[in-house]
Visitor: 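First, the structure itself, so that you have it in front of you.
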Amino acid sequence: MEVTKDLIGKFLVHKIDGKILAAEITETEAYAGFEDRASHASRGKTQRNEIMFGLPGFSYVYLIYGMYYCLNIVTEKKDYPAAVLIRGLDYPNADGPGKLCREFKITKEIHNGLDLIGNILWVEDRGIKREIIALKRVGVDYAGSSKDWLWRFKRKDH
DNA sequence: CAAATGATAGGC
DNA sequence: CCTATCATTTGT
């Protein structure tokens with residue numbers, strides 16, 4: 001869960017069509033383990049979420065509500081399902097999981113299962129320190145006991 | 001507040 | 001195979 005907080009203030013960098021898109025991450029949310037009913041992986045490995053069971057440092061992109069993509073970064077070790085959803089960037093029209101994927105042209109066809117080693121998509125530490133606040137997660141009321149976990153983090157002034 | 005919109009998972 | 005559901009956004 002430390003990783004979730006650490007991502008705030010770091011930069012998401014995406015290389016596409018010879019151009020570089022980069023923006024500071026302002027909001028993240030964690031999904032992990034089998035107890036977390038809000039996580040795609042809580043009911044076991046499936047074709048869609050198998051990346052969450054793989055090695056950390058990979059991207060997990062999926063289509064939600066038939067119209068928007070969401071970008072996640074896999075954390076924890078192999079065979080333990082965990083990922084951090086990038087919920088917001090400091091970039092025009094990128095203040096939401098679906099919106100930032102639209103702005104950064106992230107699609108599941110291209111970006112699902114990428115190794116974040118710096119080729120196409122990666123996270124960069126530019127040494128920015130931010131004051132971070134913890135919040136309840138959103139859109140997960142169906143998740144039962146895990147719905148009130150403070151697994152959402154964001155930059156204080158946003 | 002409700003619609004848009006399609007992949008997915010779980011049930012049959 | 002069938003269908004309820006969904007880690008959202010946008011417009012009324």
Side-chain angles (χ1 to χ4, degrees), chain A residues 1-14 16 21 23-116 121-123 130 132-156 158:
Chain A
M1 219 43 53
E2 282 304 304
V3 188
T4 314
K5 273 186 289 191
D6 286 349
L7 281 175
I8 305 286
K10 292 212 169 33
F11 277 72
L12 179 72
V13 189
H14 181 203
I16 185 165
L21 291 168
E24 185 187 336
I25 298 168
T26 59
E27 188 173 353
T28 60
E29 191 166 310
Y31 292 88
F34 301 95
E35 298 297 309
D36 182 7
R37 300 273 310 285
S39 168
H40 287 166
S42 64
R43 292 177 189 200
K45 192 195 283 192
T46 67
Q47 199 168 29
R48 175 173 63 160
N49 65 30
E50 63 180 354
I51 293 168
M52 289 177 74
F53 289 79
L55 295 168
F58 279 74
S59 58
Y60 168 43
V61 181
Y62 66 95
L63 184 66
I64 190 65
Y65 300 124
M67 28 176 66
Y68 295 102
Y69 290 107
C70 289
L71 170 65
N72 300 246
I73 295 174
V74 178
T75 60
E76 299 291 343
K77 53 184 180 291
K78 190 173 184 302
D79 294 327
Y80 182 82
V84 177
L85 169 68
I86 309 298
R87 292 193 60 88
L89 298 176
D90 193 0
Y91 194 83
N93 301 314
D95 56 338
K99 294 165 84 174
L100 72 88
C101 284
R102 195 177 54 189
E103 285 302 313
F104 269 51
K105 301 186 170 37
I106 291 168
T107 66
K108 93 175 206 285
E109 287 76 19
I110 304 176
H111 304 93
N112 194 28
L114 279 185
D115 193 353
L116 307 181
L121 188 67
W122 68 96
V123 172
R130 296 295 187 184
I132 296 163
I133 53 176
L135 300 163
K136 287 182 186 180
R137 295 186 291 179
V138 294
V140 292
D141 285 348
Y142 65 92
S145 58
S146 49
K147 77 182 171 68
D148 289 331
W149 296 353
L150 295 174
W151 276 13
R152 178 172 157 231
F153 300 94
K154 69 185 297 190
R155 216 172 84 184
K156 195 178 178 184
H158 252 249

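Worth saying up front: this structure is predicted, and the values here are computed from it rather than measured.
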Visitor: According to side-chain contact (heavy atoms from CB on, under 4.5 Å), who are the partners of E29(A), at least two apart in sequence or on a separate chain?
Guide: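 With neighbours one apart ignored, the set is Y31(A), L85(A), R87(A), R137(A), V138(A), R152(A).
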Visitor: Excluding sequence neighbours, so at least two apart, what forms side-chain contact (heavy atoms from CB on, under 4.5 Å) with K10(A)?
Guide: D6(A), V123(A), D125(A)
Visitor: Between S146(A) (side chain) and A143(A) (backbone), is there a donor-acceptor pair under 3.5 Å?
Guide: yes
Visitor: Nearest-Å distance, OH (Y65(A)) to C1' (dT10(C))?
Guide: 14 Å
Visitor: Heavy atoms only: give me the nearest G44(A)-F53(A) pair and the separation to one decimal.
Guide: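 Looks like C-CZ, 3.7 Å.
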Visitor: Do the rings of Y91(A) and F104(A) sit parallel, tilted or perpendicular, given the 30° and 60° boundaries?
Guide: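 Perpendicular, since the angle between the ring planes exceeds 60°.
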Visitor: Test of understanding: with side-chain contact (heavy atoms from CB on, under 4.5 Å), list the residues that count as partners of Q47(A), not counting sequence neighbours.
Guide: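 Counting only residues at least two positions away or on another chain, Q47(A) forms no side-chain contact (heavy atoms from CB on, under 4.5 Å).
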Visitor: Can you list the residues that meet the ring pair (Phe, Tyr, Trp, His ring centres under 6.0 Å) rule with W122(A), with sequence neighbours excluded?
Guide: none
Visitor: For DNA chain C, which consecutive runs of 3 or more Watson-Crick or G-U pairs (each distance under 3.5 Å) count as stems?
Guide: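 If one scans DNA chain C for consecutive Watson-Crick or G-U pairs, the stems found are B:1-4 with C:8-11, B:6-11 with C:1-6.
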Visitor: For a quick test of reading the model, state the closest non-hydrogen atom pair linking A32(A) to A82(A) and the distance between them.
Guide: CB-CB, 3.6 Å
Visitor: For dA3(B) versus dA4(C), give the span between their P atoms, rounded off to a whole number of Å.
Guide: 16 Å
Visitor: Which ones in residues 66-73 of chain A lie close to DNA chain B, meaning a heavy atom under 4.0 Å from one of its atoms?
Guide: G66(A), M67(A)
Visitor: Any non-hydrogen side-chain atom of H111(A) less than 4.5 Å from a side-chain atom of L71(A)?
Guide: no
Visitor: Check the distance between dT8(C)'s C1' and Y62(A)'s OH and give it to me in whole angstrom.
Guide: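 Value for this atom pair: 9 Å.
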Visitor: Going by the side chain to side chain donor-acceptor pair (under 3.5 Å) test, which pairs reach into residues 52-67 of chain A, not counting sequence neighbours?
Guide: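 Every side chain to side chain donor-acceptor pair (under 3.5 Å) pair that includes a residue of residues 52-67 of chain A, provided the two are not neighbours, is H40(A)-Y60(A).
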Visitor: Sort and list the pairs that fulfil salt bridge (charged side-chain N to carboxylate O under 4.0 Å, His left out) and have at least one residue in residues 37-60 of chain A, not counting sequence neighbours.
Guide: none
Visitor: Tell me, which of residues 75-103 of chain A have any heavy atom that sits under 4.0 Å from an atom in DNA chain B?
Guide: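 Here the set is empty: none.
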Visitor: Give each protein N/O atom lying under 3.5 Å from an N/O atom of nucleotides 8-12 of chain B, with the pair distance.
Guide:
residue: dA9(B); atom: OP1; partner: T46(A); partner atom: OG1; Å: 2.6

Visitor: Can you run down the salt bridge (charged side-chain N to carboxylate O under 4.0 Å, His left out) pairs that involve residues 94-105 of chain A, sequence neighbours left out, and say none if there aren't any?
Guide: D95(A)-K99(A)
Visitor: Who are the side-chain contact (heavy atoms from CB on, under 4.5 Å) partners of T28(A), not counting sequence neighbours?
Guide: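 Checked T28(A) against side-chain contact (heavy atoms from CB on, under 4.5 Å); matches are T4(A), L7(A), I8(A), I25(A), V84(A), I86(A), F153(A).
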